[in-house]
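This report refers to the structure that appears directly beneath it.
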Number of protein chains: 2
Amino acid sequence: MKQRRNAKETRRKILEAARDEFASAGFEGARVDRIAESAGVNKNMLYHYFGNKDALFSVVLDEAYRDIRQQEAALELDHLSPLEAIKALVTFSWTYYLKNPEFIRLLNAENQLQGRHVKASADTRQINQTHLVRMKEILQRGREDGSLRDDIDPIQLNISIAALGFFYLINQHTLSTVYQRDLMSNEELDERLRVMQDTILCWVRR
Amino acid sequence: MKQRRNAKETRRKILEAARDEFASAGFEGARVDRIAESAGVNKNMLYHYFGNKDALFSVVLDEAYRDIRQQEAALELDHLSPLEAIKALVTFSWTYYLKNPEFIRLLNAENQLQGRHVKASADTRQINQTHLVRMKEILQRGREDGSLRDDIDPIQLNISIAALGFFYLINQHTLSTVYQRDLMSNEELDERLRVMQDTILCWVRR
DNA sequence: GTACTAACTAACTGGATAGTTAATTAATGG
DNA sequence: CCATTAATTAACTATCCAGTTAGTTAGTAC
């Protein structure tokens, strides 16, 4: 028999609906009534579990970061050469963005607010810690076996990898209009990944 | 004696205030009352000259595009080698973003709305036309003198150039928090430009 | 100088929106 | 089975906000 009350499930439904709403409308554009409705719960539940709109958004953001970093951490890169490992990270970030379009939109919303939620979150930093350590290790390996340049800053590299894909996808609407080309067709998406891999590998290679 | 009425001036003040407000708060976060107040005009003037919030935003966007493309067109690239010309374009886009932080924030706001204003604007496409033609010419020169690869797509290149700088700046808040580094210090900004030039030139060079 | 038009003002409106209140009902532990 | 707690509901509120109305006043053309 189905439970009539289920705190965990209700919380989950709210978070899912909130993620979609914040991603599609931004923080200011998002409507708490809409979140409640599409979660199928009473609006007061959002306030009961999360306090207010800002706090709800903070949790949504943290969850989003947690998910991408968790999936990234699951990649097995140790048996790959440094160059192959970096290529795999480029591919991962691209496919993650494609499969989870809310992710980049949430980050965008947060940056429009000057990162006020992540700045207040102790979690965020911790979640992204391993992400950086991992790249450092790859660069170290590449330095040792001579396949990579020895002056690559891991932060710059991580930023560039994210940038090439993120910008393309987040600005797909203006870019497709300006350049009069459908940048979201399968062929174009494949082509973009090739360009990104090419660009990044060319830069890090010795 | 100062005119008590001045249509052109009023229009200009509204546009300037609107640009700043839309840039700092996004479209949904922007308040027409705030625009009117900081422009020092009666709110009804916005409706008198522009119709509504959406139409006002459209004009602001068009003006923003017009400005960057105009300044870009003023660069004298013909006497530079293809490689130098591309490097100059990378530098230009970076310094333009730094000097006009509203620009990237406006584009961001527009993309959060799925580009609904640019899609409706015949101007936008026309304004960005020369931007693409110019890159095509540089690539052609480079192909002829053998300094550049012959398989570079000008659209991909333009996107990558914009991406490396745009992403860094628009996400400065989350990135600085996540990586625990002040990415907006002068040293870091200079370093980023070097990375961008290095990355792009490495990719296009034969 | 008069008639006309465009610039400008102030006060208003209606719907939307984040958040609250107060009560009800289901689960849980002893 | 009873008392307590947590989940849930519905109705409400105060504020905010884009857009409007109904007018006044300054330029301008003849």
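Convention: sequence-line order gives letters A, B, ...; per-chain numbering from 1.
- Nearest-nucleotide positions on DNA chain D for B:D33 and A:T10 put A:T10 closer to the 5' end.
- With respect to the salt-bridge test (charged N to carboxylate O, under 4.0 angstrom), the residues A:R34 and A:E37 do not qualify.
- Rounded to an integer number of Å, the gap from A:Y47 OH to D:dT8 P is 17 Å.
- Crowding of A:Q180 atom CD: a count of heavy atoms from other residues, nucleotides or ligands under 6.0 Å exceeding 12.
- Counting atom types as modelled, A:K43 pairs a side-chain N or O with a base atom of C:dG19 as donor and acceptor under 3.5 Å.
- For A:R31, a side-chain nitrogen or oxygen approaches OP1 or OP2 of C:dA18 to under 4.0 Å.
- Residue B:N42 places no side-chain atom within donor-acceptor reach of the base of C:dA7, judged by atom type and a 3.5 Å distance cut-off alone.
- Between the P atom of C:dA18 and the CE atom of A:M45 lies a distance of 17 Å, rounded to the nearest Å.
- More than 12 non-hydrogen atoms from other residues, nucleotides or ligands lie less than 6.0 angstrom from CD of B:Q114.
- Between A:Y49 and the phosphate of D:dT8, there is a side-chain N or O to OP1/OP2 separation shorter than 4.0 Å.
- Atoms CZ (A:R5) and P (C:dA26) sit 6 Å apart, rounded to a whole Å.
- Taking atom NZ on B:K53 and atom P on D:dC17, their separation rounds to 9 Å, with Å as the unit.
- Along DNA chain C, the nucleotide nearest to A:D54 and the one nearest to B:N6 differ in position, and the one closer to the 5' end is contacted by B:N6.
- Atoms CD1 (A:I35) and C1' (C:dT17) sit 12 Å apart, rounded to a whole Å.
- Spacing between atom CD of A:E28 and atom P of C:dA16 amounts to 18 Å, rounded to whole angstrom units.
- Judged as a ring pair (Phe, Tyr, Trp, His ring centres under 6.0 Å), not a single pair has a partner in residues 29-55 of chain A (not counting sequence neighbours).
- Contact annotation for B:A30: backbone-only contact, meaning every heavy-atom pair under 4.0 Å involves sugar-phosphate atoms and none involves a base.
- OP1 or OP2 of C:dA7 lies within a sub-4.0 Å distance of a side-chain N or O belonging to B:H48.
- Whole-Å rounding puts the A:N44 CG to C:dT17 P distance at 19 Å.
- Between B:L15 and B:L56 there is a side-chain heavy-atom pair separated by less than 4.5 Å.
- For A:L56 and C:dG19, the CG to C1' distance is 13 Å, given to the nearest whole Å.
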